[in-house]
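Here the structure is a predicted model, which means the values were calculated and not measured. Letters A, B, ... are given to chains in the order of the sequence lines, protein chains preceding strands, and every chain is numbered from 1.
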Number of protein chains: 2
Amino acid sequence: MIGCDPMNSRYSRATQQLKKHNIRLSNRRLKVLECLCNKLDHPTADQIFVNLHKEVPSLSKTTIYNTLHTLVEIGLVRTLNIEANKTRYDIITEDHGHFGCQTCGRIFNVNIELESLAKGELSGFNIWERNLYFKGICQKCLLNKNKNREVVY
Amino acid sequence: MIGCDPMNSRYSRATQQLKKHNIRLSNRRLKVLECLCNKLDHPTADQIFVNLHKEVPSLSKTTIYNTLHTLVEIGLVRTLNIEANKTRYDIITEDHGHFGCQTCGRIFNVNIELESLAKGELSGFNIWERNLYFKGICQKCLLNKNKNREVVY
DNA sequence: AATAAAAATGTAATCATTACAATTTTTATT
DNA sequence: AATAAAAATTGTAATGATTACATTTTTATT
Ligand SMILES: [Mn+2]
Ligand SMILES: [Mn+2]
Ligand SMILES: [Zn+2]
Ligand SMILES: [Zn+2]
């Protein structure tokens with residue numbers, strides 16, 4: 001696996017932010033960041049661990065958790081609690097929602113502007129974070145299911 | 001603690017539903033249901049356990065989990081994944097959102113119509129469940145914080 | 001009362017996450 | 001370059017929520 005494209009703007013912005021916060025750009029941290037920037041969509045800590053283990057076998061899970069916590073702390077990453085007892089991490093911190101397919105397990109991004117929701121009812125409240133998620137079956141899985149049906153009957 | 005007001009419409013509708021599904025209205029199940037209908041807002045399995053333990057000391061946690069699972073299965077209760085590694089249960093299954101105060105830990109209900117959101121982008125997807133939650137500090141906690149500030153300085 | 005089915009229990013196992021002490025690496029200072 | 005201090009990383013053990021499962025208790029049916 002080749003490292004995160006250095007031209008990846010999200011990655012480079014993130015490293016800048018780390019510098020700003022006086023957090024060292026250690027190899028391990030950059031690997032975790034890289035993993036979040038690459039194809040992996042909303043990975044769990046364990047998925048990051050498995051993914052990086054081939055490349056960096058000595059990387060510990062504790063370091064992954066430590067890194068994720070610091071990334072969350074400085075606002076470069078946000079956590080998703082869509083499934084019970086499984087925290088997922090999202091490098092995209094801009095306002096958006098999610099769809100979790102209960103068949104294939106994938107988490108899709110959903111473009112939604114959440115900023116304006118519930119303004120009235122929550123006036124007087126200090127809102128730090130907005131999350132919207134849907135659960136169901138994605139298009140692809142629905143099509144597959146129908147295909148299988150046709151074959152079976 | 002007196003049992004759930006039998007006139008509580010949500011409670012009685014729930015027992016009807018249980019009957020319809022041929023699930024026995026055992027004492028233990030009704031206690032869990034009662035707990036969900038009463039003041040407790042979005043309790044965890046453990047909070048239900050602690051709450052009922054005084055009254056029914058022999059009630060086991062496994063039974064609480066079993067009951068919650070059956071209630072979720074027949075759609076009488078829904079799960080909330082607002083905090084990591086802590087599933088909360090909500091007897092109110094109608095469309096609404098939540099606000100989790102990071103100071104006092106309370107989960108507030110937020111009236112929001114979610115049905116219409118992301119219709120376009122998720123066309124072709126089968127949506128089973130919609131969840132919206134906010135995190136931040138509630139009004140009361142904000143006021144308290146300011147009060148304390150005044151006292152301290 | 002006998003029997004079968006359903007419900008409930010307690011204990012042990014699992015899984016994600018955290019705590020923490022020990023070790024290694026990096027950085028700053030001499 | 002040698003040394004000391006600070007930061008990062010590691011491995012192991014602990015925690016906490018949830019589940020698995022075998023055993024016991026309760027309930028309904030004959
Ligand atoms: Mn996302
Ligand atoms: Mn609610
Ligand atoms: Zn799918
Ligand atoms: Zn509060």
Side-chain angles (χ1 to χ4, degrees), chain A residues 15 18-35 40 42-53 55-74 76-90 100 105 107, chain B residues 14-15 18-35 42-53 55-74 76-90 100 105 107:
Chain A
T15 56
L18 285 170
K19 274 185 209 160
K20 245 183 218 159
H21 285 265
N22 287 317
I23 293 161
R24 283 188 208 150
L25 277 58
S26 72
N27 248 20
R28 309 280 151 121
R29 282 182 181 146
L30 293 178
K31 280 289 163 198
V32 172
L33 195 58
E34 195 184 300
C35 198
L40 279 181
H42 315 102
T44 62
D46 191 67
Q47 286 173 335
I48 294 173
F49 177 74
V50 170
N51 199 267
L52 291 178
H53 193 261
E55 255 190 296
V56 196
S58 64
L59 177 62
S60 78
K61 224 176 230 184
T62 303
T63 296
I64 290 172
Y65 276 111
N66 286 342
T67 303
L68 289 170
H69 291 159
T70 54
L71 290 174
V72 168
E73 216 168 324
I74 65 177
L76 283 180
V77 163
R78 66 158 156 165
T79 58
L80 304 182
N81 303 127
I82 298 180
E83 299 134 305
N85 310 314
K86 194 170 275 193
T87 302
R88 292 180 171 278
Y89 297 87
D90 196 345
I107 309 283
Chain B
T15 56
L18 286 170
K19 275 185 209 160
K20 246 184 217 157
H21 285 265
N22 288 316
I23 293 160
R24 281 188 209 152
L25 277 58
S26 71
N27 248 20
R28 308 281 151 120
R29 281 182 181 147
L30 293 178
K31 279 291 164 198
V32 172
L33 196 58
E34 194 184 301
C35 198
H42 316 102
T44 62
D46 191 68
Q47 286 173 335
I48 294 172
F49 177 74
V50 170
N51 199 267
L52 291 178
H53 193 261
E55 256 190 294
V56 195
S58 65
L59 177 63
S60 78
K61 224 175 229 185
T62 304
T63 295
I64 290 172
Y65 276 112
N66 287 341
T67 303
L68 288 170
H69 292 160
T70 54
L71 291 174
V72 168
E73 217 168 324
I74 65 177
L76 282 180
V77 163
R78 66 157 155 166
T79 58
L80 303 182
N81 302 127
I82 298 180
E83 298 134 305
N85 310 314
K86 194 170 277 195
T87 302
R88 292 180 172 277
Y89 297 86
D90 195 345
I107 310 283

(request) Under 4.0 Å between any heavy atoms, over every strand shown, what does Thr44(B) touch: base, sugar-phosphate, or nothing? Just pick one. (result) nothing
(message) Assess, by modelled atom type and distance only, whether the side chains of Ser60(A) and Thr63(A) contain a donor and an acceptor separated by less than 3.5 Å.
(response) yes
(request) Looking only at side-chain atoms of Asn85(A), point me to the closest of dT18(D), dA7(C), dA16(C). (result) dT18(D)
(message) At less than 3.5 Å, do the side-chain atoms of Thr62(B) and the base atoms of dG10(C) form a donor-acceptor pair?
(response) yes
(message) Using Watson-Crick or G-U wobble geometry with both distances under 3.5 Å, which nucleotide pairs with dT17(C)?
(response) dA14(D)
(message) Suppose we define a pair by two distances each less than 3.5 Å, Watson-Crick or G-U wobble; what does dT29(D) pair with here?
(response) dA2(C)
(request) Take atom CZ of Phe49(A) and atom P of dT17(C), then tell me their distance rounded to the nearest Å. (result) 13 Å
(message) Looking only at the side chain of Thr87(B) (C-beta and beyond, no hydrogens), which of the listed nucleotides dT18(D), dT27(C), dT17(C) gets closest?
(response) dT18(D)
(message) Within the 4.0 Å heavy-atom criterion, would you say Thr63(B) contacts the bases, only the backbone, or no part of the nucleic acid?
(response) base
(message) Which nucleotide wins on minimum distance to the side chain of Tyr65(B), given the candidates dT18(D), dT18(C), dA20(D)?
(response) dT18(D)
(message) Base, sugar-phosphate or nothing for Ser58(A)? Non-hydrogen atoms, less than 4.0 Å.
(response) sugar-phosphate
(message) How many whole angstroms separate atom CG of Asn81(B) from atom P of dA16(C)?
(response) 15 Å
(request) May I ask you to evaluate whether His69(B) reaches the phosphate of dT19(D), defined as a side-chain N or O under 4.0 Å from OP1 or OP2? (result) yes
(message) My understanding is that only residues two or more places apart in sequence, or in another chain, count here; which of them pass side-chain hydrogen bond (donor to acceptor under 3.5 Å, both in side chains) with Thr79(B)?
(response) none
(message) In whole Å, I'd like the distance from the CD1 atom of Ile48(A) to the C1' atom of dT17(C).
(response) 14 Å
(request) Taking only the side-chain heavy atoms of Arg29(B) (C-beta and beyond), determine which of dT9(D), dT18(D), dA8(C) contains the nearest atom. (result) dA8(C)
(message) So, taking the atom named CZ in Arg88(A) and the one named CD1 in Ile107(A), what distance separates them when rounded to the nearest 0.5 Å?
(response) 4.5 Å
(message) Determine whether a donor-acceptor pair (N or O, by modelled atom type, separation under 3.5 Å) exists between the side chain of Arg29(A) and the backbone of Arg24(A).
(response) yes
(request) May I have the distance from Leu25(B) (atom CG) to dA6(C) (atom P), rounded to whole angstrom? (result) 16 Å
(message) Return whichever of Tyr89(A) or Ile64(B) has its heavy-atom-nearest nucleotide of DNA chain C closer to the 5' end.
(response) Ile64(B)
(message) Here's a test for you: under side chain to side chain contact (heavy atoms under 4.5 Å, CB included), which of Lys31(A), Gln47(A), Glu34(A) qualifies with Leu52(A)?
(response) Lys31(A)
(request) Would you indicate what Asp46(B) reaches in the nucleic acid, counting non-hydrogen atoms under 4.0 angstrom: base, sugar-phosphate, or nothing? (result) nothing
